[in-house]
Colleague: 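One structure follows; several queries about it will come next.
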Amino acid sequence: MVVIKQKEDIPLKKLTALEVESPLYSYFNFTRNVIVPNYYIQCGYECDLVIMSKAGYVTEVEIKVSKSDLVADLKKKHGHESRKIKYLYFAMPDYLEGCIELIPERAGVLLIDQRGMVSLVRSPIENKCCCKLNENERDDLLRCGVMRIAGLKMDLERAR
């Protein structure tokens, strides 16, 4: 386990991507929205987390767990820009709060603490050029979500 020191010199556990991702399901209300991890959106890149509203609009959440992750993201050609994405968020551990300047200004910022509590630090700017997913795109997202569930259950069974 990697340990980081807080200001008060209290050990702070470094969060994994899964520990950042997990609280986001409740935050984005998985009972109301379709939430799919690691989805290759048809605009040409993989999203860490895709949230589809009942209306068919998509929110992307980019998960970062280190400053080097954030710096590397700046080099991505797609820039998280797509006509299929209405809102963009970056979610990261709260100990990276000092790195917010590395995140595009149009992106919302969510910080996750050691207990899994999510705090909205900055709201995203709506992509006014965004369009809803069409029926085929919705079906593909739903199919992918079901495949992720099946894959996770099979992994759990193999781990037993």
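Since the model is a prediction, treat every value here as computed from it, not as a measurement.
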Colleague: Going hydrophobic residue to hydrophobic residue with side-chain gaps under 4.5 angstrom, can you get from M117 over to Y89?
Modeller: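 No, no single cluster joins them.
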
Colleague: Which pair of heavy atoms, one from V65 and one from P93, lies closest together, and at what distance?
Modeller: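 The pair with the smallest heavy-atom distance is CA-CD, 3.9 Å.
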
Colleague: Between C129 and R83, what is the shortest heavy-atom contact and its length?
Modeller: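 Distance-wise, the nearest heavy atoms are O-NE, 3.3 Å.
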
Colleague: Answer yes or no: is there a donor N or O on one side and an acceptor on the other, between the side chain of R106 and the main chain of P124, under 3.5 Å?
Modeller: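 Answer holds: no.
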
Colleague: Looking at E101, I'd like to know if its CD atom is crowded, meaning that more than 12 non-hydrogen atoms belonging to other residues, nucleotides or ligands lie closer than 6.0 Å.
Modeller: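 Enclosed: over 12 neighbouring heavy atoms sit under 6.0 Å from CD of E101.
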
Colleague: Does a side-chain heavy-atom distance below 4.5 Å link N33 with K54?
Modeller: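 No - every pair of side-chain heavy atoms lies 4.5 Å or more apart.
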
Colleague: I'd like to check M92 versus L111 (side-chain heavy atoms, cut-off strictly below 4.5 Å). Are they in contact?
Modeller: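 Yes; the side chains approach each other to less than 4.5 Å.
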
Colleague: Kindly give the heavy-atom pair with the smallest separation between V36 and C144, and that separation in Å.
Modeller: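 Looking at all heavy atoms of both residues, the shortest contact is CG1-SG, 4.1 Å.
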
Colleague: Pairing donors with acceptors under 3.5 angstrom, does anything connect the side chains of D140 and Y39?
Modeller: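 Yes.
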
Colleague: What heavy-atom pair brings P23 and V118 nearest, and what distance separates the two atoms?
Modeller: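 Of all heavy-atom pairs spanning P23 and V118, the closest is CB-CG2, 3.7 Å.
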
Colleague: Could you tell me if the side chain of I63 sits less than 4.5 Å from the side chain of F90, heavy atoms only?
Modeller: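 SC-SC contact between F90 and I63 ruled out.
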
Colleague: Between Q114 and Y95, what is the shortest heavy-atom contact and its length?
Modeller: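 Closest pair (atom of Q114, atom of Y95, distance): NE2-CE2, 4.0 Å.
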
Colleague: For the atom pair OH (Y27) and CG (L49), what is the distance rounded to the nearest 0.5 Å?
Modeller: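 If we round to the nearest 0.5 Å, Y27:OH and L49:CG are 13.0 Å apart.
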
Colleague: With a 4.0 Å cut-off, would you call K84 and E60 a salt bridge?
Modeller: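 No, this pair does not count.
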
Colleague: Can you measure from CD (E97) to CG (D113) and round to the nearest 0.5 angstrom?
Modeller: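 E97 CD to D113 CG: 11.5 Å, rounded to 0.5 Å.
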
Colleague: Just wondering, do L88 and T59 contact through their side chains at under 4.5 Å, heavy atoms?
Modeller: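 They are not in side-chain contact.
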
Colleague: Mind checking salt bridge (charged side-chain N to carboxylate O under 4.0 Å, His left out) for R148 and listing every partner two or more places apart, or none if nothing turns up?
Modeller: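 Checked R148 against salt bridge (charged side-chain N to carboxylate O under 4.0 Å, His left out); zero matches.
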
Colleague: Would you call L133 and M52 a side-chain contact if the rule is heavy atoms closer than 4.5 Å?
Modeller: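 Answer yes - side chains close enough.
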
Colleague: How long is the straight-line distance from SG of C99 back to NZ of K67, given to the nearest 0.5 Å?
Modeller: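 It is 5.0 Å, given to the nearest 0.5 Å.
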
Colleague: Could you grab the distance from atom NZ of K86 to atom OG of S53, nearest 0.5 Å is fine?
Modeller: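 Rounded to the nearest 0.5 Å, the NZ-OG separation comes to 7.0 Å.
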
Colleague: Is N127 reaching over with its side chain to a backbone N or O of I85, donor-acceptor style, under 3.5 angstrom?
Modeller: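 Present.
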
Colleague: Is any side-chain heavy atom of L24 less than 4.5 Å from a side-chain heavy atom of V61?
Modeller: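 Answer yes - side chains close enough.
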
Colleague: K64 and side-chain hydrogen bond (donor to acceptor under 3.5 Å, both in side chains): which single residue from D69, D48, D73 fits?
Modeller: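 Testing K64 for a side-chain hydrogen bond (donor to acceptor under 3.5 Å, both in side chains) against D69, D48, D73 leaves exactly one candidate, D73.
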
Colleague: When rounded to the nearest 0.5 angstrom, what is the spacing between CG in D139 and CD in E137?
Modeller: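 These two atoms lie 10.0 Å from each other.
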
Colleague: Are F28 and Y87 close enough, and set up right, to give a ring pair (Phe, Tyr, Trp, His ring centres under 6.0 Å), and what steps lead you there?
Modeller: CA-CA 12 Å; F28 284 105; Y87 296 106; 9.8 Å; no

Colleague: Indicate if F30 and V20 have the same hydrophobic cluster label, given that clusters are the connected sets of ILVMFWY residues with side-chain heavy-atom separations under 4.5 angstrom.
Modeller: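 Result: yes, single cluster for both.
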
Colleague: Is there side-chain contact between I103 and L70, with at least one heavy-atom pair below 4.5 Å?
Modeller: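 Yes - at least one pair of side-chain heavy atoms lies under 4.5 Å apart.
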
Colleague: Hey, quick one: are I35 and M147 part of the same hydrophobic cluster, counting side-chain heavy atoms closer than 4.5 Å, chains of contacts allowed?
Modeller: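 In one cluster with I35: M147, no.
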
Colleague: Is it possible for you to say whether I125 and L102 belong to one hydrophobic cluster, with membership spreading through side-chain heavy-atom contacts below 4.5 Å?
Modeller: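 The answer is no; the residues belong to distinct hydrophobic clusters.
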
Colleague: Could you tell me if the side chain of I112 sits less than 4.5 Å from the side chain of E19, heavy atoms only?
Modeller: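 Heavy-atom side-chain distance check fails, nothing below 4.5 Å.
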
Colleague: Could you go through V121 and I100, starting from their C-alpha distance and side-chain angles, then the distance that decides it, and tell me whether this counts as side chain to side chain contact (heavy atoms under 4.5 Å, CB included)?
Modeller: CA-CA 9 Å; V121 174; I100 290 177; 3.8 Å; yes

Colleague: Are more than 12 heavy atoms from other residues, nucleotides or ligands located less than 6.0 Å from atom CZ of R32?
Modeller: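 Not more than 12 within 6.0 Å, no.
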
Colleague: Do L141 and V146 sit in the same hydrophobic cluster, where Ile, Leu, Val, Met, Phe, Trp and Tyr count as joined when their side-chain heavy atoms come under 4.5 Å apart?
Modeller: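 As far as the 4.5 Å side-chain criterion goes, V146 and L141 are not connected within one cluster.
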
Colleague: Which distance, rounded to the nearest 0.5 Å, do you find between the CG of D94 and the CZ of R115?
Modeller: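 Those atoms lie 9.0 Å apart.
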
Colleague: Which atom pair, heavy atoms only, marks the closest approach of E46 to Y40?
Modeller: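 Between these two residues, the closest heavy atoms are N-CD1, 3.8 Å.
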
